[in-house]
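Below is one structure, written out as structure tokens, with a few remarks after it.
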Amino acid sequence: MTQTPTFDKPKVELHVHLDGAIKPETILYYGRKRGISLPANTVEELQDIIGMDKPLSLPDFLAKFDYYMPAIAGSREAIKRIAYEFVEMKAKEGVVYVEVRYSPHLLANSKVKPIPWNQAEGDLSPDEVVDLVSQGLQEGERDFRVKVRSILCCMRHQPDWSPEVVELCKKYRQQTVVAIDLAGDETIQGSTTFQGHVKAYEEAMRSGIHRTVHAGEVGSAKMVKEAVDNLKTERLGHGYHTLEDEALYNRLRQENMHFEVCPWSSYLTGAWKPDTEHAVVRFKNDQVNYSLNTDDPLVFKSTLETDYLMTKQKMGFTEEEFKRVNINAAKSSFLPEAEKKELLDLLYKAFGMTSSAFAGKL
């Protein structure tokens, strides 16, 4: 018997990584097909090695990708397939709209320096990666009836890639791409202000490309302030450590900043210490604008249900709060206004509420 989901209504997800949401079966299939050695031969063994059950540091978590990304990167067929299967995965979770993010450069093996994952040089460029992912997402959207948009990631340790990332955002803005992100190891000193990132975000601002930034996950409130003031981010990936700076937190509340919260992820990456109150509890109590997201379900051995169950059981979240969270996610999505209104109407109807009834709750 299948369990009834904790929140059995349409959901919106804004923070999930494509390369952290691949089916283990697909990794094994392409490892075998391409003759790339993997540390395991079965799904169970692979999940034990890639997956996490207890907290590790953020750099240790990021090292997990080294195990399996070589099986996918550089393969046109694999890249399109993981995008398509991602949409199927989200459909099963009851998601009606999702924004999925990835670094085009980390899936390429040509016109990228350095070539990632120790791949031999090939002929798959970051530009073509975006095209392939967009095709896979659009086919998934058609087959599984989930609306999907994508976000292209700059990587903190590779500021030289960032100017191309923003150009790809511009080129593919009609083919699923809606925003730019800055991801990777937040502990790299001064990485928010690396020139490549700053210039890319300035160009995004000029070109009307939406902006989100991973900040305040394991980094301090200063990282959040830099993301807001230097990169002019419209949303914050995680943002938990904003609470260390009460003035900044109050300012961002006033500005209705959206926090992309990933509760289960924050436990496993050590971004949240379980003997303290989770930032999301404060966000809930203060009626802050935030969403609930999986982040990297492959590595965290999770689904969206994991995050909803965790917040309900451990933090006292209610059905009403889950409705509010999803309405806020839709309002803070990077969809054009007309499409955003359609999404909101769908949610209001499913939640049995009117938009005017909800207006006072934001």
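Using a 4.5 Å heavy-atom threshold, the side chains of L107 and L132 count as separate. Side chains of Q158 and P114 form a contact here, defined as non-hydrogen atoms less than 4.5 Å apart. Between V165 and H105 there is a side-chain heavy-atom pair separated by less than 4.5 Å. Residues P116 and M69 form no side-chain contact, since every pair of their non-hydrogen atoms from C-beta on lies 4.5 Å or further apart.
The ring of F283 has its center no closer than 6.0 angstrom to the ring center of H278. Ring centroids of F7 and F351 are separated by less than 6.0 Å, placing the two rings close together. Ring centroid separation for the pair F259 and Y240 does not come in under the 6.0 Å cut-off.
Checked against side-chain hydrogen bond (donor to acceptor under 3.5 Å, both in side chains), R282 has the following partners two or more places apart in sequence or in another chain: E246, D286. For Y290, the ring pair (Phe, Tyr, Trp, His ring centres under 6.0 Å) criterion is met by no residue, not counting sequence neighbours. Applying the side-chain hydrogen bond (donor to acceptor under 3.5 Å, both in side chains) test to D8 and every residue at least two apart in sequence or in another chain returns nothing. Residues meeting the ring pair (Phe, Tyr, Trp, His ring centres under 6.0 Å) test with Y102, sequence neighbours left out: none. Remark: K90 engages E13, E93 in a side-chain hydrogen bond (donor to acceptor under 3.5 Å, both in side chains) (not counting sequence neighbours). Legend: residues meeting side-chain contact (heavy atoms from CB on, under 4.5 Å) with D245, ordered by chain and number and at least two apart, are A221, A247, L248.
Of all the heavy atoms in V43 and L28, the pair that sits closest is N-CD1, 3.5 Å. The minimum heavy-atom distance between V12 and L347, with the atom names listed, is CG2-CD1, 3.9 Å. Nearest heavy-atom pair, D185 versus S191, reported as atom, atom and distance to 0.1 Å: O-OG, 4.3 Å. Of all the heavy atoms in A227 and T192, the pair that sits closest is N-CG2, 4.0 Å. For the residue pair G140 and Y84, the shortest heavy atom distance occurs at N-CD1, 3.5 Å. Minimum interatomic distance between C169 and I180 (heavy atoms only, all atoms of both residues): SG-CB, 4.0 Å.
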Practice item. Apply salt bridge (Lys or Arg N to Asp or Glu O under 4.0 Å) to the pair R149 and E141, showing each step before the final yes or no. Key: CA-CA 10 Å; R149 296 294 177 266; E141 190 171 48; 3.1 Å; yes

Practice item. Run the numbers on L231 and V198 for side-chain contact (heavy atoms from CB on, under 4.5 Å), then give the verdict. Key: CA-CA 6 Å; L231 301 181; V198 173; 4.2 Å; yes

Exercise for review: Evaluate the criterion salt bridge (Lys or Arg N to Asp or Glu O under 4.0 Å) for residue pair E85 and R81; output intermediate values, then yes/no.
Suggested key: CA-CA 6 Å; E85 290 179 345; R81 175 163 156 185; 2.8 Å; yes

Check your understanding: So K341 and D345, salt bridge (Lys or Arg N to Asp or Glu O under 4.0 Å) or not? Walk me through it.
Key -> CA-CA 6 Å; K341 185 182 181 304; D345 287 345; 2.9 Å; yes

**Study point:** Worked check of side-chain contact (heavy atoms from CB on, under 4.5 Å) between T294 and T303
**Key:** CA-CA 6 Å; T294 54; T303 64; 5.6 Å; no

Point to revise | Chi angles and distances behind the side-chain contact (heavy atoms from CB on, under 4.5 Å) call for Y29, K23 | key: CA-CA 10 Å; Y29 173 80; K23 287 165 69 173; over 6 Å; no

**Study point:** From CA spacing to verdict: side-chain contact (heavy atoms from CB on, under 4.5 Å), V228, R251
**Key:** CA-CA 11 Å; V228 174; R251 175 190 147 194; 3.3 Å; yes

Review point. Could you walk me through whether K171 and E167 pass the salt bridge (Lys or Arg N to Asp or Glu O under 4.0 Å) check?
Key: CA-CA 6 Å; K171 179 174 178 179; E167 290 308 314; over 6 Å; no

Check your understanding: Checking ring pair (Phe, Tyr, Trp, His ring centres under 6.0 Å) for the pair Y308/F317: CA distance, chi angles, key distance, verdict?
Key -> CA-CA 8 Å; Y308 278 77; F317 276 50; 8.9 Å; no

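Sparse packing is recorded around NZ of K222, with 12 or fewer heavy atoms of other residues, nucleotides or ligands lying under 6.0 Å away. More than 12 heavy atoms of other residues, nucleotides or ligands sit less than 6.0 Å from atom NZ of K284. Dense packing is recorded around CG of D48, with more than 12 heavy atoms of other residues, nucleotides or ligands lying under 6.0 Å away. The local environment of NZ in K170 is crowded, with over 12 non-hydrogen atoms from other residues, nucleotides or ligands closer than 6.0 Å.
Among residue pairs with one or both ends in residues 111-123, those qualifying as side-chain hydrogen bond (donor to acceptor under 3.5 Å, both in side chains) are R76-D123; sequence neighbours excluded. For residues 39-70, the set of pairs meeting the ring pair (Phe, Tyr, Trp, His ring centres under 6.0 Å) definition, not counting sequence neighbours, comprises F61-F65, F61-F300, F65-Y68. Sorted by first and then second residue, the ring pair (Phe, Tyr, Trp, His ring centres under 6.0 Å) pairs involving residues 202-231 (not counting sequence neighbours) are H15-H214, H17-H214, H210-F334, H214-H238. The salt bridge (charged side-chain N to carboxylate O under 4.0 Å, His left out) analysis of residues 206-218, with sequence neighbours excluded, yields the pairs E203-R206, R211-E234. Contacts classified as ring pair (Phe, Tyr, Trp, His ring centres under 6.0 Å) and involving residues 167-193 (residues at least two apart or in different chains) are not found. The salt bridge (charged side-chain N to carboxylate O under 4.0 Å, His left out) contacts involving residues 172-182 comprise R101-D181, where partners must be two or more places apart or lie in separate chains.
V299 and I27 end up in the same hydrophobic cluster when Ile, Leu, Val, Met, Phe, Trp and Tyr side chains are linked at under 4.5 Å. Under the 4.5 Å side-chain contact rule for hydrophobic residues, W272 and L62 share a cluster. Both L243 and V261 belong to a single network of hydrophobic side chains, linked directly or stepwise wherever heavy atoms of I, L, V, M, F, W or Y lie under 4.5 Å apart. I188 and M155 fall into different hydrophobic clusters, defined by Ile, Leu, Val, Met, Phe, Trp and Tyr side-chain heavy atoms under 4.5 Å apart, directly or through other members. V129 and V178 fall into different hydrophobic clusters, where Ile, Leu, Val, Met, Phe, Trp and Tyr are joined by side-chain heavy atoms under 4.5 Å apart, directly or via other members.
Q254 and N250 share no side-chain donor-acceptor pair at under 3.5 Å. N293 and S291 form a side-chain donor-acceptor contact under 3.5 Å, judged by distance and modelled atom types alone.
Salt bridge D307/K11: absent, no basic N to carboxylate O contact under 4.0 Å.
Atoms NE2 and OG1, on H258 and T212 in that order, are 8.5 Å from each other to the nearest 0.5 Å. In this structure, OG1 in T233 is found 6.0 Å from OH in Y201, a value given to the nearest 0.5 Å. The CG atom of N289 sits 3.5 Å away from the OG atom of S332 when rounded to the nearest 0.5 Å. The distance from atom CG of D296 to atom CG of L18, rounded to the nearest 0.5 Å, is 10.5 Å.
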